[in-house]
Amino acid sequence: MAEPKANEHMEKIVSLCKRRGFVFQSSEIYGGINGFWDYGPLGAELKRNVKDFWWRSMTQKREDVVGLEATIIMHPKIWEASGHTSTFSDPMVDCLLTKKRFRSDQIDPQSGTVYFYSGAKDSTSEKVSSEAYSVLIGNGKHPDHARKIARQFYTTRGVANPELLGERTELIEGTVRYNPGNGSLFTEPRPFNLMFKTYVGPVESEDNVAYLRPETAQAIFVQFKNVLDVARQKLPFGICQIGKAFRNEINPRNFTFRSREFEQMELEFFIKPDETASKSSFPGEPGTEPSWGWEQWHKYWVEERVKWYESIGLSRDVLDFHWQQKSELAHYAKATVDILYKFPFGTQELEGIAARGDYDLTQHQKFSGKSMAVFDEETKERFIPHVIEPSAGVDRLILALICNAYTEEETTDEKGLKETRIVMKLHPRVAPVKVGIFPLLKNKPELVKKAQEVRDLLRAEMPVFYDDAGAIGRRYRRQDEAGTPFGVTIDFDTLGETPDLKDTVTLRDRDSMQQQRMAIGDLVPFLLSKIR
RNA sequence: GCGAGCGUAGCUCAGUCUGGUAGAGCAUCACCUUGCCAAGGUGAACGUCGAGGGUUCGAAUCCCUUCGCUCGCUCCA
């Protein structure tokens, strides 16, 4: 049974997240709030490290990508142009019999005879349902069709042997209130707006409705021209952004995986349309070939992103890839590749890399009336750029890193007793704390003093954690759970008990538990080489 | 949103059926001990039993409502 095991595994991870301060439930003392999560001390550092590393990799280390930080609340027209206002607020209905959900605007109007019932009573017990119900059947069909469906419905309402009450019929035309599949009545249409709504200004009127952005991408598109004007970039080039987005999810699930408030790291990489690109000069610098068409750029970014995940410890064998079929593609996309991680609760998406064509800029040109076209000096052509969009969810990446790092190791101690060592094998680049610093013994002031000197030396360069409480092994194990990749212990040799070893410390590796002797002066360069 | 299960200390859980003023282990803090891989000693702190309401002389326990979590369905432009 794989299922209970996966749950058990996930529960251990959730438990560790709370115990060590990676993730807390938002507003916990008030009972929590569904779909919102906070990061504790270790989680906040981990997330910051991931975002900083992404930002450095995407923009600071590249010539051809610049950054942007836009507001969460933007002009509501943006969401009309992007299609979110219409597709995010469909009225939905549920079939009362099968519970299947439909968009009420996609139901084909039907005609026929409606059989109404006021309720049903059980023929063998006293049980009664007084819930009204009705069934639509095609004209000329036998009434028993309707009665059969109605009896099924009342059975689901707890009436085991329903005897239908108050039957009456009515001819009806062009209704969308009944399930075309089985004739069952739907629930009342309920609006489903996945965007969080608010009002700009003190008056709550329809004129000043605004939305919390459901994705960060649109901000980049609407500022495209401004960035192009100031950034001294030529196509192809990109604009990236890290920021919060909000979706009022129907059903948040799987710990932080699907939250209502989440953070995205997105790049919109603008390229020439294939016709223009094919006339452009070749070759350029690696990663900036101007003559590449969208398919080459798309592949390029998929590969870049996979390499990036590898560089923070998510190797190709824990990732999975899904090239979306034509039928799965969103309305704006020419091609989409999902990068997925094998979570304990299933293989789920971390990032989507979409070739969006010129859909977004064209929409904004249409809705704003402002030209989004650029002029290409080389080919003397004007065109609306096309876009490749690698869009990653930060919070689900953090969860993937945590799941991937969580390791239980069976070890045997000196007495031959089996014990479990829990280690968070986070990549040193993203680990919240880089090094733990320990005096071998607390009750020897010389050791403590020297350890504090080492702490101060290292603290200037990286996050450190100083601990002198309890046995040394216990302190190592505590840092194992926090994911701290290195431990430095100050012992009597550090103080010069063995003259050759004066001013050296033991450096313990979290994953192998191996120790090596290192001069204090070598610590900073060594550690920096591991964490950068 | 529907259905099922669950909610007691920081964590894992016992106690709930059979109502009588709250327990264990681990973790935490202090001191001691500890010469390199946790769980030695002493002491301390920690829960209005998810919340609200009801029944009762008395509710963690029974009833109702609600919030949260998990699973299945649904949803995920």
Side-chain angles (χ1 to χ4, degrees), chain A residues 3-4 6-8 10-12 14-21 24-37 40 79 82-90 92-103 156 187 190 192-195 214-215 247-255 257-260 328-333 345 348-349 352 393 409 411-414 417 419-423 438-444 447 468-481 487-495 497 505-510 512-515 517:
Chain A
E3 198 57 35
N7 288 345
E8 206 179 293
M10 204 55 215
E11 273 167 29
K12 283 178 176 173
V14 172
S15 168
L16 179 131
C17 281
K18 176 151 198 214
R19 186 169 74 241
R20 289 294 167 187
F24 303 129
Q25 193 180 13
S26 170
S27 319
E28 196 193 77
I29 62 166
Y30 286 99
I33 176 164
N34 196 357
F36 297 88
W37 300 91
W79 308 116
S82 68
H84 285 85
T85 308
S86 55
T87 55
F88 259 44
S89 60
D90 306 312
M92 306 291 279
V93 293
D94 297 331
C95 172
L96 282 167
L97 188 63
T98 62
K99 307 290 183 208
K100 197 167 155 54
R101 176 163 292 157
F102 298 84
R103 274 174 59 171
T156 68
T187 57
R190 283 174 297 217
F192 257 62
N193 198 332
L194 295 190
M195 284 199 290
E215 64 173 34
R247 290 183 199 181
N248 208 348
E249 295 287 355
I250 296 162
N251 198 351
R253 274 292 160 88
N254 290 326
F255 198 30
F257 183 81
R258 190 183 297 153
S259 307
R260 291 188 162 124
E328 302 174 78
L329 290 173
H331 55 91
Y332 50 72
F345 48 81
Q348 298 275 352
E349 183 185 348
E409 289 180 353
T411 59
T412 311
D413 69 12
E414 294 143 2
L417 292 170
E419 58 174 12
T420 306
R421 183 174 84 116
I422 295 175
V423 200
F438 318 112
L440 184 60
L441 296 174
K442 187 190 187 178
N443 58 358
K444 298 287 189 287
L447 286 175
D468 59 15
I472 186 70
R474 176 197 293 245
R475 284 177 269 163
Y476 287 148
R477 296 300 172 85
R478 261 200 285 250
Q479 290 308 305
D480 287 343
E481 280 203 353
V488 164
T489 302
I490 286 75
D491 59 16
F492 292 96
D493 284 334
T494 314
L495 302 176
E497 194 171 273
V505 294
T506 59
L507 181 72
R508 178 222 190 222
D509 180 81
R510 174 196 65 200
S512 66
M513 298 200 283
Q514 296 297 308
Q515 301 192 95
R517 204 83 208 166

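Chain identifiers are assigned alphabetically (A, B, ...) following the order of the sequence lines, protein sequences preceding nucleic acid strands; residue numbering begins at 1 within each chain. For the numbers below, each heavy atom of this structure counts, side chains included, while hydrogens, waters and symmetry mates do not.
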Colleague: What integer distance in Å separates Asn254(A):CG from U70(B):P?
Modeller: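 Those two atoms, CG and P, are 7 Å apart.
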
Colleague: Can you sort out the partners of Arg258(A) under side-chain hydrogen bond (donor to acceptor under 3.5 Å, both in side chains), two or more places apart, ordered by chain and number?
Modeller: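 For Arg258(A) there are no side-chain hydrogen bond (donor to acceptor under 3.5 Å, both in side chains) partners, ignoring immediate neighbours.
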
Colleague: Rounded to whole angstroms, how far apart are CD1 on Ile422(A) and P on A27(B)?
Modeller: 12 Å

Colleague: Separation of Glu409(A) atom CD from C37(B) atom C1', in whole Å?
Modeller: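 Taking CD of Glu409(A) and C1' of C37(B), I get 12 Å after rounding.
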
Colleague: When all nucleic acid strands are considered with a 4.0 Å heavy-atom cut-off, which category describes Gln479(A): base, sugar-phosphate, or nothing?
Modeller: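 No contact.
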
Colleague: What string of B, S and - do you get for nucleotides 44-50 of chain B, 5' to 3', when a contact is any protein heavy atom under 4.0 Å?
Modeller: -------

Colleague: Taking only residues two or more places apart in sequence or in another chain, which ones pass ring pair (Phe, Tyr, Trp, His ring centres under 6.0 Å) with Phe257(A)?
Modeller: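 Listed in chain order: Phe343(A), Phe345(A).
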
Colleague: Which part of the nucleic acid does Arg421(A) contact within heavy-atom distance under 4.0 Å: base, sugar-phosphate only, or nothing?
Modeller: nothing

Colleague: Using a cut-off of 4.0 Å on non-hydrogen atoms, how would the nucleic acid contact of Gln515(A) be classed: base, sugar-phosphate, or nothing?
Modeller: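 Answer is base: heavy atoms of Gln515(A) come under 4.0 Å of a base.
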
Colleague: State which residues pass side-chain hydrogen bond (donor to acceptor under 3.5 Å, both in side chains) with Arg510(A); sequence neighbours excluded, sorted by chain then number.
Modeller: none

Colleague: Touch check for Asn443(A), heavy atoms < 4.0 angstrom, all strands: base, sugar-phosphate only, or nothing?
Modeller: base

Colleague: Report the base-pairing partner of C2(B) (Watson-Crick or G-U wobble, both distances below 3.5 angstrom), or none.
Modeller: G72(B)

Colleague: Start with the C-alpha distance between Asp493(A) and Arg517(A), add both sets of side-chain angles, then the distance that settles side-chain contact (heavy atoms from CB on, under 4.5 Å), and finish with yes or no.
Modeller: CA-CA 10 Å; Asp493(A) 284 334; Arg517(A) 204 83 208 166; 3.2 Å; yes

Colleague: C46(B) and C64(B): how far apart are their P atoms, nearest whole angstrom?
Modeller: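 Taking atom P in both C46(B) and C64(B), they lie 35 Å apart.
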
Colleague: Check every strand shown and say whether Gly21(A) touches a base, only sugar-phosphate, or nothing at a heavy-atom separation below 4.0 Å.
Modeller: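 No contact at all - Gly21(A) keeps every heavy atom at 4.0 Å or more from the nucleic acid.
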
Colleague: Kindly write out the residues that satisfy side chain to side chain contact (heavy atoms under 4.5 Å, CB included) with Ser259(A), not counting sequence neighbours, or none if the list is empty.
Modeller: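 With sequence neighbours excluded, Ser259(A) shows a side chain to side chain contact (heavy atoms under 4.5 Å, CB included) to Trp37(A), Thr256(A), given in chain and number order.
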
Colleague: Please identify each residue that fulfils side-chain hydrogen bond (donor to acceptor under 3.5 Å, both in side chains) with Thr506(A), with sequence neighbours left out.
Modeller: none

Colleague: In this structure, how many angstroms lie between the P atom of A39(B) and the CD1 atom of Ile472(A), rounded?
Modeller: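 These atoms are roughly 13 Å apart.
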
Colleague: Rounded to the Å, how far apart are Tyr476(A) OH and C36(B) C1'?
Modeller: 5 Å

Colleague: Closer to the 5' end of RNA chain B via nearest nucleotide, is it Asn34(A) or Gly473(A)?
Modeller: Gly473(A)

Colleague: Answer with base, sugar-phosphate or nothing: what part of the nucleic acid does Phe438(A) contact at a heavy-atom distance below 4.0 Å?
Modeller: nothing

Colleague: Closest approach to the side chain of Arg477(A), judged atom by atom: which nucleotide of A38(B), C69(B), C36(B) is it?
Modeller: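 Selected nucleotide (nearest to the side chain): A38(B).
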
Colleague: Taking CZ from Arg510(A) and C1' from C36(B), how many angstroms apart are they, rounded to a whole number?
Modeller: 19 Å

Colleague: Using purine N1 to pyrimidine N3 plus N6-O4 or O6-N4 for Watson-Crick, or N1-O2 and O6-N3 for G-U wobble, both under 3.5 Å, which nucleotide pairs with U28(B)?
Modeller: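 Its partner is A44(B) (Watson-Crick or G-U wobble, both distances under 3.5 Å).
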
Colleague: Arg260(A) CZ to G68(B) C1': how many Å, rounded?
Modeller: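 These atoms are roughly 12 Å apart.
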
Colleague: When you compare the protein's N or O atoms with those of nucleotides 11-14 of chain B, which come within less than 3.5 Å of each other, and at what distance?
Modeller:
unit_1	atom_1	unit_2	atom_2	d
C11(B)	OP1	Lys18(A)	NZ	2.5
C11(B)	O3'	Ser15(A)	OG	3.3
C11(B)	O2'	Ser15(A)	OG	3.2

Colleague: What is the pairing partner of G35(B), taking Watson-Crick or G-U wobble pairs with both distances under 3.5 Å in any strand?
Modeller: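 Pairing partner: none.
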
Colleague: Does the structure show a Watson-Crick or G-U wobble partner for G19(B), both distances under 3.5 Å? Name it, or say none.
Modeller: none

Colleague: For the side chain of Thr489(A), counting heavy atoms from C-beta on, which of G35(B), C36(B), C69(B) is nearest?
Modeller: C36(B)

Colleague: State which residues pass side chain to side chain contact (heavy atoms under 4.5 Å, CB included) with Gln514(A); sequence neighbours excluded, sorted by chain then number.
Modeller: Ser512(A)

Colleague: For Asn248(A) and C76(B), is the shortest distance between a side-chain N/O and OP1 or OP2 below 4.0 Å?
Modeller: no

Colleague: Figure out the CD/P separation between Glu481(A) and C26(B), and round it to whole Å.
Modeller: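 One finds 16 Å between P of C26(B) and CD of Glu481(A), rounded.
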
Colleague: What's the closest nucleotide to the Glu497(A) side chain, out of A77(B), U33(B), G35(B)?
Modeller: G35(B)

Colleague: Which residues pass the side-chain hydrogen bond (donor to acceptor under 3.5 Å, both in side chains) test with Arg421(A), not counting sequence neighbours?
Modeller: Glu409(A), Asp480(A)

Colleague: Assign each of Gln25(A) and Thr506(A) to its nearest nucleotide of RNA chain B by heavy atoms, then name whichever residue's nucleotide is nearer the 5' end.
Modeller: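 Taking each residue's closest nucleotide, the earlier one in sequence belongs to Thr506(A).
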
Colleague: Can you list everything that forms a side chain to side chain contact (heavy atoms under 4.5 Å, CB included) with Asp468(A)? Sequence neighbours excluded, please.
Modeller: Pro439(A), Lys442(A), Tyr466(A), Arg475(A)

Colleague: At a cut-off of 3.5 Å, list every protein nitrogen or oxygen paired with a nitrogen or oxygen from nucleotides 28-31 of chain B, distance to 0.1 Å.
Modeller:
unit_1	atom_1	unit_2	atom_2	d
U28(B)	OP1	Arg478(A)	NH1	2.4
C31(B)	OP2	Lys442(A)	NZ	3.4

Colleague: State the pairing partner of G58(B); accept Watson-Crick or G-U wobble contacts with both distances under 3.5 Å, and report none otherwise.
Modeller: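 G58(B) is unpaired by these criteria.
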
Colleague: Residues in side chain to side chain contact (heavy atoms under 4.5 Å, CB included) with Ser15(A), at least two apart?
Modeller: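 Testing Ser15(A) for side chain to side chain contact (heavy atoms under 4.5 Å, CB included), a comparison that skips the adjacent residues, returns Arg19(A).
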
